[in-house]
Amino acid sequence: MKKILFLFIAFTSISFGQAIRKYSNEFMNIGVDAAALGMSNAVVSSTTDVNSGYWNPAGLIHLEDGEAALMHASYFANIAQYDYAAYAKPIDDRSAWGISLIRFGVDDILNTTQLIDGDGNIDYNRISLFSTADYGLTLSYARKLQVPGFQYGVNAKVIRRVIGDFASSWGFGLDFGLQFERDDWRYGLMLRDITTTYNIWAINEEEYEKIKNAIPGQNNELPESTEITAPKAQLGMSKKYEFHYDYTLLAAANLNMQFARTNDVISTDFVSISPSLGFEFGYTDLVFLRAGVGNFQNITQIDNSTKLGFQPNIGLGFKYKGIQVDYALTDLGDQSAALYSNIFSVKVDLGIFR
């Protein structure tokens with residue numbers, strides 16, 4: 001464990017010495033599974049199913065049989081589509097593996113770069129369509145440690161990003177997760193992009209030349225060909241309470257950390273922290289009601305005053321004979337803008353088919 005923490009600190013220090021794009025590969029931070037999103041993502045310590053490959057791969061160790069999951073969501077007034085699929089299963093009584101794929105894309109974008117011909121005339125026939133899409137493929141492995149109550153997990157990620165015929169990139173990164181259970185309490189640690197995730201871009205110079213001088217003095221040089229995603233960390237704890245055998249209450253909390261100064265409610269030059277809280281009320285392991293709050297930010301107003309902003313989420317779930325359907329209503333933007341999104345996901349325990 002000490003070696004892992006040392007490597008994490010070392011790679012973090014190295015990454016700060018290079019040019020880091022603050023929101024590189026941000027689509028990988030949106031989150032998956034309506035059940036988790038309904039709890040404001042406060043699931044690093046409590047995740048125990050196929051979706052653990054995303055939230056904390058150590059949780060895969062709790063699988064008893066193969067599981068599959070699907071999710072679809074539309075963002076920004078249905079402009080962008082977010083899709084997720086995952087599969088995981090135990091290897092033996094001490095280990096498990098999983099695979100997942102995320103796609104975040106905007107399709108049929110109008111390409112107006114050739115709208116005006118060489119004579120300065122507008123020709124609508126010169127408009128074409130293109131799409132932009134981000135893909136994240138994750139391979140996960142989890143194993144129990146010799147120390148009772150401890151398990152760890154590792155993710156290997158391959159990132160593919162495509163912007164029409166203009167540019168594309170490949171990226172690679174690693175995550176590390178840890179969980180610990182004791183006296184009905186669960187603790188979790190998730191280190192994302194621990195080696196930093198590198199994206200190497202290939203830019204179509206022929207297409208770039210077409211827009212190079214579209215605006216005088218701008219776009220005269222090719223963009224940088226390398227992006228680096230800095231490490232992030234999530235620390236969580238949770239406990240599940242049972243009442244009269246039929247009722248349960250899962251309470252969970254996360255501390256989400258970025259190693260840079262941001263607008264998070266706790267912000268320093270070394271680390272910024274935003275907490276999140278989530279609750280799940282269950283009845284006979286059949287019906288679930290969820291609520292959460294997170295993304296606590298210091299928001300600067302027009303008059304330069306500051307107010308505390310936050311993001312509330314709610315959700316609902318049904319589970320029957322190994323099939324679970326979940327729904328979440330999430331706030332994606334400023335609360336006054338009412339930018340809510342409806343998210344649905346389904347999870348299937350493949351043991352029901354045996």
Side-chain angles (χ1 to χ4, degrees), residues 31-52 54-56 58-65 67 69 71 88 90 93 96 142 144 148-151 177-190 234-256 274-296 310-331 340 342-352:
V32 304
D33 181 28
L37 294 170
M39 295 177 62
S40 291
N41 307 343
V43 296
V44 169
S45 61
S46 61
T47 181
T48 58
D49 59 16
V50 60
N51 300 302
S52 299
Y54 177 88
W55 294 110
N56 187 339
L60 293 173
I61 206 67
H62 296 280
L63 291 173
E64 297 181 358
D65 208 321
E67 287 187 3
M71 189 191 87
D93 60 351
K144 287 183 179 180
F150 276 98
Q151 53 260 352
L178 186 69
Q179 285 185 336
F180 173 62
E181 306 166 28
R182 185 171 185 178
D183 299 331
D184 295 327
W185 285 90
R186 293 177 179 266
Y187 306 89
L189 173 67
M190 180 63 170
Q234 294 173 297
L235 184 64
M237 63 184 298
S238 60
K239 186 174 183 179
K240 192 171 186 177
Y241 302 88
E242 296 186 4
F243 307 94
H244 306 293
Y245 302 101
D246 291 334
Y247 303 94
T248 60
L249 176 64
L250 173 64
N254 267 20
L255 293 178
N256 306 304
S274 176
S276 59
L277 303 172
F279 301 92
E280 178 187 78
F281 176 78
Y283 173 67
T284 65
D285 200 33
L286 178 67
V287 181
F288 304 91
L289 295 174
R290 305 182 182 96
V293 61
N295 196 26
F296 290 89
F310 58 90
Q311 177 177 316
N313 296 338
I314 58 175
L316 179 66
F318 299 94
K319 182 178 179 181
Y320 182 69
K321 291 186 176 180
I323 300 176
Q324 182 169 328
V325 179
D326 296 296
Y327 163 78
L329 179 65
T330 68
D331 179 359
Y340 290 94
N342 299 292
I343 299 175
F344 294 89
S345 67
V346 60
K347 181 178 66 176
V348 180
D349 183 345
L350 300 178
I352 65 174

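Below, each value reflects all heavy atoms present in this structure, side chains not excepted, and no hydrogens, waters or symmetry copies.
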Practice task
Could you go through the side chain to side chain contact (heavy atoms under 4.5 Å, CB included) check for K347 and K319 one step at a time?
Solution key: CA-CA 9 Å; K347 181 178 66 176; K319 182 178 179 181; 5.8 Å; no

Exercise for the section: Under the side chain to side chain contact (heavy atoms under 4.5 Å, CB included) rule, what do S345 and V32 come out as? Steps first, then yes or no, please. Expected result: CA-CA 9 Å; S345 67; V32 304; over 6 Å; no

Practice task
Mind running side chain to side chain contact (heavy atoms under 4.5 Å, CB included) on D349 and I323 for me, showing each step along the way?
Solution key: CA-CA 6 Å; D349 183 345; I323 300 176; over 6 Å; no

Practice task
Show your reasoning for whether side chain to side chain contact (heavy atoms under 4.5 Å, CB included) applies to F180 and L189.
Solution key: CA-CA 9 Å; F180 173 62; L189 173 67; over 6 Å; no

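Taken to the nearest 0.5 Å, the CG atom of L255 stands 9.0 Å off from the OG atom of S274. Expressed to the nearest 0.5 Å, how far OH of Y320 lies from CG of L286 amounts to 9.0 Å. The CZ atom of F344 sits 9.5 Å away from atom CG of L316, with the distance rounded to the nearest 0.5 Å. T284 OG1 to Y245 OH: the interatomic distance, rounded to the nearest 0.5 Å, is 15.5 Å. The distance from atom CD1 of I343 to atom CG of L37, rounded to the nearest 0.5 Å, is 4.5 Å. In this structure, the separation between CZ on F288 and OH on Y283 is 12.5 Å, given to the nearest 0.5 Å.
No more than 12 heavy-atom neighbours from other residues, nucleotides or ligands sit within 6.0 angstrom of OH on Y247. More than 12 heavy atoms of other residues, nucleotides or ligands lie within 6.0 Å of CZ in F243, so this atom counts as buried by the packing criterion. For K240, the NZ atom is loosely surrounded, since the number of other residues' heavy atoms within 6.0 Å does not exceed 12.
Side chain of D49 to main chain of N51: a donor-acceptor pair is present (N/O by atom type, distance under 3.5 Å, no hydrogens or angles). Using modelled atom types, one side-chain atom of S40 and one backbone atom of G292 make a donor-acceptor pair closer than 3.5 Å.
The side chain to side chain donor-acceptor pair (under 3.5 Å) test applied to S46 returns no partner, not counting sequence neighbours. Residues satisfying the salt bridge (Lys or Arg N to Asp or Glu O under 4.0 Å) test with E242, not counting sequence neighbours, are none. Taking the salt bridge (Lys or Arg N to Asp or Glu O under 4.0 Å) definition, one finds that E280 meets it with R290, sequence neighbours left out.
When all heavy atoms are compared, the tightest approach of Q179 to T47 is NE2-O, 3.2 Å. Shortest non-hydrogen contact noted between M237 and W185 is CE-CZ3, 3.4 Å. Pairing each heavy atom of N56 with each of L178, the nearest pair is ND2-O, 3.2 Å. Of all heavy-atom pairs spanning S276 and N256, the tightest one is OG-ND2, 3.5 Å. Closest approach of Q234 and N254 over heavy atoms only: NE2-ND2, 4.1 Å. Counting all heavy atoms, side chain and backbone alike, Y187 lies closest to S45 at C-CB, 3.6 Å.
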